[in-house]
Amino acid sequence: MDTESQKNHLKAYGMTYWVLNKELKVKWLLNYRGGSFLLPDTPEIQKECQIRGVSFEVLSDSKTESILEDISSPSQNMEAVVLEKAPKIAVYTPNGKQPWDDAVTMVLQYAEIPYETVYDEEVLNDGLLAFDWLHLHHEDFTGQYGKFYGAYRANSWYIEEKKAAEALAEKLGYSKVSEEKLAVALKIRDYVIGGGFMFAMCSAADSFDIALAAEGLDICEPMFDGDASDPGYQNRIDYNKTFAFTDFTLEQNPMVYEFSSIDMTQKRMITATSDYFSLMEFSAKWDPIPTMLCQNHTALVKGFMGQTTSFTRDEIKSNVLVMGESKINGEAKYIHGIKGKGFFTFYGGHDPEDYQHRVGDSKTELDLHPTSPGYRLILNNVLFPAARKKKQKT
């Protein structure tokens, strides 16, 4: 999985998932040649690698033992993590959304990793309990329809999506979309606390935390829910309820395309040519989880924008780990934390290979980006639940 030897990093994850689905074990060699995968050697696996265009090397038993011995040395910042079970994957997305509307569904399809879609009805009926890993589509959990009102309120797609959301909320027994979305956010919160793995990109990350913090408050203006917001709601936000963010200020102007001060999009002064973020280095033996999530063939990843591009560093809770940041302005791009028995990862931006994705833009063709470092970070999270949990010393 290093730069020189692997022709298709993204499909290599799908190949690894395919092997796990055969109920075979895989070793993930953290920090060894870009985070390589050690697969069993069978003619069937070799043939499948060739079909998928995944580069591989056949190792003798003695060479394998030598590599594993080197990795286990205390002097090496490497570790071999056993992957045991292919995680069952859910993508939270409404009916009618195309796979290329979301980077995660796009890369799952490209890597040939199976997934199922769920939305509000399934979530509220405890459908998440059937899954190991959940991705949140670029959703607005605050009930403000993505804050698209200022620019797109007259567009047919905005009008239709608003009507559809209102109809769904009514069907599910809620008088407002904001109340229904809060109920969904609370179910997702409980899923994570109970041991689930949640991965959110772009506006799903900050709108999720905002919805939790504003529980019991009306933060929506009349054009969103038909009545006025609660007076002085900013002073009643409960940051203790959030996963990752604290002390943020909500954007109260409905004409402004922004949820809160969490997002750095309008505050950053970075040109496209200088927009890169650095992955942090962790101890593979003592901190295998962040090490696993940061596996890549480069430590410097090309930046990309979205409705929520990145996160304001001083509004991230102290117990949340920053795994990727811009050295230019200190913004956090890629963060991870623990909630109850589960885990969450938030990744800023819309599409790692589409710098400034806009409504109506053409889809990304991943055949042109088979070695994308930005997309690798998504796939690290997909395989993360497959890792065997080591017993902690007591």
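Not measured: the values here are computed from a predicted model.
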Test: [X] and [Y] ion pair at under 4.0 Å:
X	Y	value
Lys241	Glu215	yes
Glu331	Lys267	no
Glu161	Lys163	no
Glu112	Lys11	yes
Lys363	Asp354	no
Glu57	Lys63	no

Smallest separation among heavy atoms of [X] and [Y], with atom names:
X	Y	answer
Val19	Pro40	CG1-CD, 4.0 Å
Ser55	Ser5	CB-O, 3.1 Å
Asp206	Phe245	CA-CE1, 4.1 Å
Met201	Gly349	CE-O, 3.4 Å
Phe282	Val322	CZ-O, 4.1 Å
Thr364	Met106	O-SD, 3.6 Å

Within the 3.5 Å criterion, strictly below it, is a donor on [X] or [Y] matched to an acceptor on the partner's side chain?
X	Y	value
Thr298	Asn296	no
Tyr119	Glu139	yes
Asp351	Tyr375	yes
Glu315	Ser261	yes
Asn381	Thr345	yes
Tyr92	Asp120	yes
Gln307	Asp263	no

Inset, instruction - Decide if atom CD of Gln252 counts as having more than 12 heavy atoms of other residues, nucleotides or ligands within a radius under 6.0 Å. - result: yes
Legend entry - Residues, nucleotides or ligands: over 12 heavy atoms within 6.0 Å of Phe56 CZ: yes
Inset, instruction - Check each of Phe141, Phe311, Phe208 against Phe243 using the ring pair (Phe, Tyr, Trp, His ring centres under 6.0 Å) test, and report the only one that passes. - result: Phe208
Legend entry - Partner of Phe148 by ring pair (Phe, Tyr, Trp, His ring centres under 6.0 Å), out of Phe224, Tyr257, Tyr158: Tyr257
Legend entry - Full working for salt bridge (charged side-chain N to carboxylate O under 4.0 Å, His left out) between Lys327 and Glu325: CA-CA 6 Å; Lys327 298 296 186 183; Glu325 68 169 359; 3.4 Å; yes
Inset, instruction - Check the pair Arg313, Met264 against side chain to side chain contact (heavy atoms under 4.5 Å, CB included), reporting the backbone distance first and the verdict last. - result: CA-CA 9 Å; Arg313 188 69 182 262; Met264 288 285 294; over 6 Å; no
Inset, instruction - Please confirm whether the backbone N or O of Pro370 pairs with a side-chain atom of Tyr110, one donor and one acceptor, at under 3.5 Å? - result: no
Inset, instruction - Look at the side chain of His350 and the backbone N and O of Met305, then say whether any donor-acceptor pair between them is shorter than 3.5 Å. - result: no
Inset, instruction - Would you check if His297 and Met1 make a side-chain contact, meaning some heavy-atom pair closer than 4.5 Å? - result: no
Inset, instruction - Kindly indicate whether the side chain of His135, heavy atoms from C-beta on, has any atom under 4.5 Å from the side chain of Ile378. - result: no
Inset, instruction - For side chain to side chain contact (heavy atoms under 4.5 Å, CB included), just list the numbers for Asp126 and Lys187, CA-CA rounded to whole Å, side-chain angles, deciding distance to a tenth of an Å, and then say yes or no. - result: CA-CA 8 Å; Asp126 293 321; Lys187 280 286 188 180; 2.7 Å; yes
Inset, instruction - Answer yes or no on whether Arg236 is positioned over the face of Tyr233, meaning its NZ or CZ is under 6.0 Å from the six-membered ring centre and within 45° of the axis. - result: no
Legend entry - Ring-face cation of Lys333 near Phe304 (centre distance under 6.0 Å, axis angle within 45°): yes
Inset, instruction - Dump the intermediate steps for side chain to side chain contact (heavy atoms under 4.5 Å, CB included) on Leu128 and Glu122, then the final yes or no. - result: CA-CA 7 Å; Leu128 293 182; Glu122 292 86 356; over 6 Å; no
